[in-house]
Amino acid sequence: MAKSKGNPFPRVFVNTTLVIICLLWLIPTLGLFVSSFRPRDDIMSSGWWTVLPHRVWVTTEQFKPDPSIDRNGVMTFEGATGTFEELRQGVESPDGKRVIWIGNKRAGTIQVQEQKWSGLPATTLQNYHDVLAGKDVTISGNAEEAARKGEDMSDAFINSMAVTFPAVVIPILMAAFAAYGFAWMRFPGRKLVFALMVALLVVPLQIALVPVLSDYVHLKLNGTYMSVWLAHTGFGLPLAVFLLYNYISTLPREIMEAAIVDGASHFKIFWRLVLPLSTPALASFAIFQFLWVWNDYLVALIFIGNVPGVQVLTMRLADMVGSRGSDWHLLTAGGFISMLLPLIVFFSLQRYFVRGLTAGSVK
Amino acid sequence: MTLLNPDADEHSAELARARRRRNRAIFTLLSGIVAALVLFEGFFVLRDSQAPKLVTALFAMIWGGGGMAILYLIANQLVEFTPSKWQRRLTPVVFVLPAIAFVVYFLALPAVRTFIASLFDRDGSSFVGLANYITVFTEPFMLVTFRNNVLWIVFGASFTIIFGLLVAALADRSKFENLAKAIIFMPMAISLVGAGVIWKFIYAVRDPSDVQIGLLNAIVVALGGEPQAWVAMLQPWNNLFLIVIVVWMQTGYAMVLFSAAIKAVPTDIIEAARVDGAGEFKIFFSIIIPSIMGTIVTVSATVIIFTLKIFDVVLVMTGGQFGTDVIATQFYNQYFVNRNAGLGSAIAIVLLLTVIPVMVYNLRQFNKRETL
């Protein structure tokens with residue numbers, strides 16, 4: 001649009017601002033991603049940005065100061081001059097070295113340091129292993145032996161899948177039938193019922209949690225996968241019907257009429273014609289629903305609760321934040337495991353997702 | 001024989017056809033009953049299943065998806081055996097009723113049930129009238145909650161829209177449009193819990209004598225400041241640090257919609273303005289913004305509704321401590337932690353009331369567009 005000649009808006013300005021914003025957006029995720037590959041002790045002792053190449057002081061020489069030297073006066077080592085207090089802080093010599101006094105006045109040592117570029121940072125897959133393995137891991141390191149508790153994220157990963165896939169497939173089917181009915185059939189109350197669907201688009205699902213939970217308790221359903229995906233089917237249907245209606249109602253009338261003239265029943269038209277033609281709309285809702293269910297925390301929290309072995313990824317992750325908020329090595333790896341599948345789905349099917357967004361829904 | 005009595009023969013063929021038809025109908029009905037029974041049994045199998053998770057999940061998918069499809073198929077077949085007058089009436093029922101039943105049971109009916117529960121006391125044993133609503137609108141902790149939701153709406157929506165517009169307008173003029181958009185869009189794929197973990201790492205605070213591992217505090221210390229506990233200090237402005245997270249997540253959504261709208265603004269109008277000597281800022285504010293006003297309203301409504309219902313971020317970041325409770329976390333705390341069913345329900349109803357304007361707006365828009 002603005003790529004015409006004489007555009008008074010300097011491209012440099014546009015690109016610089018854009019790069020700054022993009023960096024701001026990227027840095028939080030990047031930080032977690034980098035940290036998830038750092039050894040546990042590194043995460044706790046330095047910021048993740050220290051993996052970037054930077055200059056660090058490296059000790060090149062170490063010696064005991066000459067015993068005869070006056071330690072209360074001004075001293076000179078390797079061209080660096082200063083009192084004991086100054087040397088304790090480190091004094092730089094004219095040739096770029098740093099001399100530092102380690103230890104006390106009487107029995108200290110002198111270190112001569114030079115600035116060097118930091119090497120490749122240490123990386124590890126241990127965090128992922130600990131988070132996925134589901135058992136306690138004993139590490140024996142430098143004179144320090146500690147049992148550290150792992151997490152069972154692989155179990156939660158499977159739970160998330162068991163909840164998510166049915167919660168995506170079932171509402172799509174129901175919504176496609178309903179959308180076809182609303183778009184291509186004439187029956188009394190059609191407008192009113194569809195208006196109800198549109199109205200329910202924005203209803204906060206908090207309203208539904210308590211009554212549904214009490215029914216679930218009677219049916220002994222709470223704490224099962226089914227409890228969650230039945231609920232997600234119900235909560236996702238208004239948007240599904242709305243999105244699919246928008247698409248199915250715009251299919252060319254001639255095709256429908258030709259099929260009816262040929263004697264095809266509604267069911268046949270729907271199954272053979274409408275469903276295959278609506279693939280883009282079905283895909284865009286599928287991605288919506290997938291991201292929504294996979295990333296959901298509230299519904300799972302209420303209907304699964306504290307039943308062990310059924311908990312989904314978001315619940316495990318939230319529990320980890322609460323119970324072991326200082327175990328950053330587990331949190332960073334766990335966080336990434338929970339994002340893996342949605343990010344893959346998102347980036348491979350972004351086109352359909354965007355189409356669904358722009359289809360103009362307010363949810 | 002045929003020559004002698006053609007009528008009788010036709011009659012018996014007719015009879016045979018009718019019989020076959022009836023047999024088929026009975027067969028379909030029976031298979032429908034069997035399918036329904038199998039699905040019904042499957043419900044209990046799934047509920048009580050001790051099988052490995054993947055098996056259960058696979059079974060659930062087949063049971064749910066396949067079972068649903070078979071039920072639709074059989075119901076439809078049955079309808080096709082009825083006289084054509086009934087067929088016309090019943091086919092829409094088969095298509096539309098299951099979805100309506102689900103939506104009514106999971107959304108419409110619960111609204112009524114929650115409203116009734118909100119008129120009773122904490123364990124639902126005695127009727128208290130509007131007492132819970134009086135609590136909702138007078139108790140100091142509830143007023144703090146509402147104040148926070150106002151902060152969320154005002155800052156969450158306005159920052160999302162400003163950043164969304166900025167990125168959409170800039171990306172439109174850049175060669176790196178797709179890359180930039182993908183980066184801004186990416187947080188939308190992440191769960192709010194995951195985003196909470198990401199930002200907890202940014203806001204992490206440690207003792208001033210230690211090395212700061214949180215980026216924000218590391219910057220503050222590098223500039224000579226004191227490390228701060230961002231989400232706990234300076235109430236109510238600590239809410240802003242939580243709001244930033246949602247702005248970070250939602251800007252991608254706003255950007256996508258704005259970007260599509262900006263591209264739809266006719267180029268010749270912009271070119272004409274440029275020929276007349278209008279600057280880029282003037283073009284942006286007096287041509288582009290007015291042209292995409294409809295989209296701005298839609299995005300605002302969506303973001304406002306999203307922020308009204310915000311729950312995961314607050315629960316993960318602060319658990320509602322330090323004066324950061326919002327309506328949704330307060331609902332959770334009152335109902336599930338304090339076990340006050342009446343008050344929890346009343347809060348949920350208040351949440352419902354706040355979205356009614358958007359509901360009405362949606363319906364209006366829909367009626368305008370649609371001449372059903």
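Sequence lines set the chain letters: A, B, ... in the order given, protein chains first and strands last, and positions in each chain run from 1.
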What part of I349(B) gets closer than 4.5 Å to chain A, counting heavy atoms only: side chain, backbone, both or neither?
both
The interface call for W229(A) against chain B, heavy-atom contacts under 4.5 Å, is side chain
Given the options P188(A), P28(A), A199(A), which has more heavy-atom pairs under 4.5 Å with chain B than any of the others?
P28(A)
Would one find more than 12 heavy atoms of other residues, nucleotides or ligands at under 6.0 Å from atom CZ of F157(A)?
yes
Contact leader toward chain B among L219(A), T332(A), V19(A), D215(A), where contacts are heavy-atom pairs under 4.5 Å
D215(A)
Compare every heavy atom of M359(B) with every heavy atom of V203(A), then report the nearest pair and how far apart it is.
CG2-CE, 3.7 Å
Measuring from atom CZ of F102(B) to atom CD1 of I170(A), what distance do you get when rounded to the nearest 0.5 angstrom?
7.0 Å
F177(A), part contacting chain B, at a heavy-atom distance under 4.5 Å
both
So which residue, V169(A), L213(A), L26(A), L221(A), ends up with the most heavy-atom pairs under 4.5 Å with chain B?
L221(A)
Considering only heavy atoms and a distance below 4.5 Å, find which of G344(B), S345(B), A99(B) pairs most often with chain A.
A99(B)
Heavy-atom pair of closest approach, residues P110(B) and A208(A)
CB-CA, 3.5 Å
If I measure from the heavy atoms of chain A, does Y335(B) come under 4.5 Å with its side chain, its backbone, both, or neither?
side chain
Identify, with sequence neighbours excluded, every residue that meets side chain to side chain donor-acceptor pair (under 3.5 Å) alongside S118(B).
Y133(B)
Between the CD1 atom in I207(A) and the CG atom in L107(B), the distance rounded to the nearest 0.5 Å is 9.5 Å
With a 4.5 angstrom heavy-atom cut-off, could you sort out which part of M185(A) is near chain B: side chain, backbone, both or neither?
side chain
Using the side chain to side chain contact (heavy atoms under 4.5 Å, CB included) definition, which of the options V312(A), D296(A), N295(A) pairs with S191(B)?
N295(A)
Between W25(A) (side chain only) and W248(B) (backbone N and O only), is there a donor and an acceptor less than 3.5 Å apart?
yes
Per-residue contact mode, M186(B) against chain A (heavy atom under 4.5 angstrom)
both
Measuring heavy-atom distances to chain A, does P98(B) have an atom under 4.5 Å in its side chain, in its backbone, in both, or in neither?
both
Selection from I190(B), I356(B), V94(B), V316(B) maximising heavy-atom pairs under 4.5 Å formed with chain A:
I190(B)
Less than 4.5 Å to any heavy atom of chain B: does that hold for the side chain of S214(A), its backbone, both, or neither?
side chain
Taking the side chain as C-beta and beyond, is there a heavy-atom pair between V355(B) and P204(A) under 4.5 Å?
yes
Let me know if F185(B) has heavy atoms under 4.5 Å from chain A in its side chain, its backbone, both or neither.
both
Using non-hydrogen atoms only, which part of L291(A) is less than 4.5 Å away from chain B: side chain, backbone, both, or neither?
side chain
Straight-line distance of T91(B) OG1 to H266(A) NE2, nearest 0.5 Å
6.5 Å
For I198(B) and T29(A) the tightest heavy-atom approach is CG2-N, 3.9 Å
At a heavy-atom separation under 4.5 Å, does L209(A) approach chain B through its side chain, its backbone, both, or neither?
side chain
Taking the six-membered ring where the residue is Trp, are the ring centres of F182(A) and F95(B) under 6.0 Å apart?
no
What part of L301(A) gets closer than 4.5 Å to chain B, counting heavy atoms only: side chain, backbone, both or neither?
side chain
Report the distance from atom CG of L363(B) to atom CZ of F194(A), rounding to the nearest 0.5 Å.
10.5 Å
Criterion side chain to side chain contact (heavy atoms under 4.5 Å, CB included) on V210(A) and F331(B), from CA distance to verdict
CA-CA 11 Å; V210(A) 172; F331(B) 159 79; 4.0 Å; yes
Which pair of non-hydrogen atoms, one from L343(A) and one from A189(B), has the smallest distance, and what is that distance?
CD2-CB, 3.9 Å
Under a 4.5 Å heavy-atom cut-off, does chain B meet the side chain of F33(A), its backbone, both or neither?
neither
Most heavy-atom pairs under 4.5 Å with chain B, out of V168(A), L230(A), T164(A), I172(A), belong to L230(A)
Evaluation steps, ring pair (Phe, Tyr, Trp, His ring centres under 6.0 Å), between F267(A) and Y72(B):
CA-CA 9 Å; F267(A) 192 79; Y72(B) 273 110; 7.9 Å; no
Under 4.5 Å from a heavy atom of chain B, the part of M315(A) involved
neither
Nearest 0.5 Å, please: how far is CG in L32(A) from CD1 in I202(B)?
9.0 Å
I'd like to verify something: which residue of A175(A), A240(A), P238(A) has the highest number of heavy-atom pairs under 4.5 Å with chain B?
P238(A)
Should Y297(A) and L315(B) count as side-chain neighbours, where that means a heavy-atom distance under 4.5 Å?
yes
Looking at S338(A), G335(A), A167(A), A231(A), which makes the most heavy-atom pairs under 4.5 Å with chain B?
A231(A)
Considering only heavy atoms, which portion of A204(B) lies under 4.5 Å from any heavy atom of chain A: side chain, backbone, both, or neither?
side chain
Residue list, side chain to side chain donor-acceptor pair (under 3.5 Å) with T114(B), at least two apart or on another chain
none
For chain A, the option from I283(B), L308(B), L352(B) that forms the most heavy-atom pairs under 4.5 Å:
L352(B)
With a 4.5 angstrom heavy-atom cut-off, could you sort out which part of Y225(A) is near chain B: side chain, backbone, both or neither?
side chain
By a 4.5 Å heavy-atom criterion (distance strictly below it), what part of F336(A) contacts chain B: side chain, backbone, both, or neither?
neither
Which atom names give the shortest non-hydrogen contact between Q206(A) and K309(B), and what distance separates them?
NE2-O, 3.9 Å
Looking at G234(A) and V103(B), what are the two nearest heavy atoms and their distance?
O-CG2, 4.3 Å
Checking L298(A) against chain B: side chain, backbone, both or neither under 4.5 Å from a heavy atom?
both
Rounded to the nearest 0.5 Å, what separates atom CG in L205(A) from atom CZ in F311(B)?
10.5 Å
Quick check on side chain to side chain contact (heavy atoms under 4.5 Å, CB included): which of T314(A), L313(A), D319(A) does V193(B) satisfy it with?
T314(A)
Between M197(A) and V96(B), is there a side-chain heavy-atom distance shorter than 4.5 Å?
no
